[in-house]
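What you are looking at is a predicted structure, and each value in this text was computed from that prediction instead of being measured. Note that ligands are numbered from 1 as they come in the structure, with each ligand's atoms numbered from 1 the same way.
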Amino acid sequence: MAANWKMFKTPAETKTFFASFLPLVKDTTGCEVAICAPFVDLPEAVSAAAGSAVMIGGQNLYWAKEGAFTGEISGPMLKALGCTWVIVGHSERRQYFGETDETVLRRTKAAMEAGLKVIVCVGELLSEREAGETEAVLRKQFEGGIAGLTAAEFAGIVIAYEPVWAIGTGKTATPEMAAEAHRVIRGLAAERFGGAEVRILYGGSVKPDNVKALMAQEEIDGALVGGASLDAASFAQIVNFAS
Ligand code: PEP
């Protein structure tokens with residue numbers, strides 16, 4: 001279960017979150033938990049999560065290790081802070097910051113090289129779904145952004161299927177719709193990487209009251225949670241969905 005805090009929370013708010021959240025998940029088993037926080041919150045998040053099973057991640061990185069790239073953050077920098085994960089290719093980065101399948105691939109490779117695990121996001125727009133293009137879009141994003149990985153690199157990623165129309169809108173894909181898209185992605189992975197297994201998260205308005213139905217689908221291995229991850233009790237309920 002991964003949290004994407006987007007551009008929310010100060011370091012002080014991060015500290016408060018962890019003080020409430022950690023006791024609620026201290027007995028959780030069978031579920032990896034990662035919190036992907038804004039860059040400025042990462043030191044606080046890493047220090048608050050120390051000694052717990054909760055892992056910390058960034059929400060983006062640049063592919064160079066260092067250099068004259070004002071405003072950017074590299075994989076080695078995230079790693080040095082104590083991050084385990086990083087999100088790459090979130091639809092908000094594709095929509096507002098010019099992320100393309102090609103830059104998704106470059107960032108993913110750079111993250112792996114830095115020793116980070118990567119959550120690579122894919123998903124279609126509403127217009128694409130309505131035009132019956134979901135599968136074609138997933139294929140294009142997979143072929144442009146993931147298929148260029150080596151088998152060893154592929155083993156270090158988790159894919160997040162996030163239909164763009166479901167992100168932050170309160171509209172969730174039905175569990176069947178999500179499972180169908182996950183099957184498509186799994187098929188693409190099998191085509192390119194043979195029998196390699198990959199975990200696929202669903203993202204898009206996951207809340208405590210719909211997580212169980214989504215997770216009941218065999219194809220869905222976890223969730224990438226935006227809005228509902230900002231509240232400690234609500235994200236803890238999602239993490240503890242099985243109990
Ligand atoms: C996200 O930010 O990846 C996301 C899925 O957001 P939300 O849960 O708010 O739809």
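Of the protein's heavy atoms, E162 OE2, 3.1 Å lies nearest to atom 5 (C) of ligand 1. From the protein, the heavy atom lying nearest to atom 1 (C) of ligand 1 is H90 NE2, 3.2 Å. Among all protein heavy atoms, the one lying closest to atom 8 (O) of ligand 1 is G226 N, 2.8 Å. Of all protein heavy atoms, the one closest to atom 2 (O) of ligand 1 is K6 NZ, 2.7 Å. Here the heavy atom of the protein found nearest to atom 9 (O) of ligand 1 is G227 N, 2.8 Å.
Salt bridge E135/K140: absent, no basic N to carboxylate O contact under 4.0 Å. Between R199 and E32, at least one side-chain nitrogen of the basic residue sits less than 4.0 Å from a carboxylate oxygen of the acidic one, meeting the salt-bridge criterion.
Applying the 4.0 Å criterion to heavy atoms of G168 picks out, from ligand 1, the atoms 7 (P), 9 (O), 10 (O). Close approach of ligand 1 to A166 (heavy-atom distance below 4.0 Å) involves ligand atoms 10 (O). Counting atoms of ligand 1 from 1 in the listed order, those under 4.0 Å from a heavy atom of G204 are 5 (C), 10 (O). The distance from ligand 1 to the heavy atoms of N4 drops below 4.0 Å at these ligand atoms: 1 (C), 2 (O), 3 (O). Ligand-side atoms of ligand 1 in range of S205: 7 (P), 8 (O), 10 (O), range being under 4.0 angstrom from any heavy atom. Per-residue contacts place G203 under 4.0 angstrom from the following atoms of ligand 1 (heavy atoms of the residue considered): 5 (C).
No side-chain donor from either of H90 and E99 sits under 3.5 Å from a side-chain acceptor of the other. In this structure, a donor-acceptor pair under 3.5 Å is present between the side chains of E124 and Y161.
At a heavy-atom distance under 4.0 Å, no atom of A160 approaches ligand 1. At a heavy-atom cutoff of 4.0 Å, ligand 1 is contacted by both the backbone and the side chain of I167.
Listed for the D221 side chain is a donor-acceptor partner under 3.5 Å among the backbone atoms of I200. The closest donor-acceptor contact from the side chain of R192 to the backbone of L149 lies under 3.5 Å. Not a single donor-acceptor pair under 3.5 Å links the side chain of K212 to the backbone N or O of A242. Panel note: side chain N240, backbone F235; no donor-acceptor pair is recorded below 3.5 Å. A donor-acceptor pair is defined here as one N or O able to donate and one able to accept, closer than 3.5 Å; no such pair exists between the side chain of Y202 and the backbone of P175.
Using 4.0 Å as the threshold, S91 has no heavy atom nearer than that to any atom of ligand 1.
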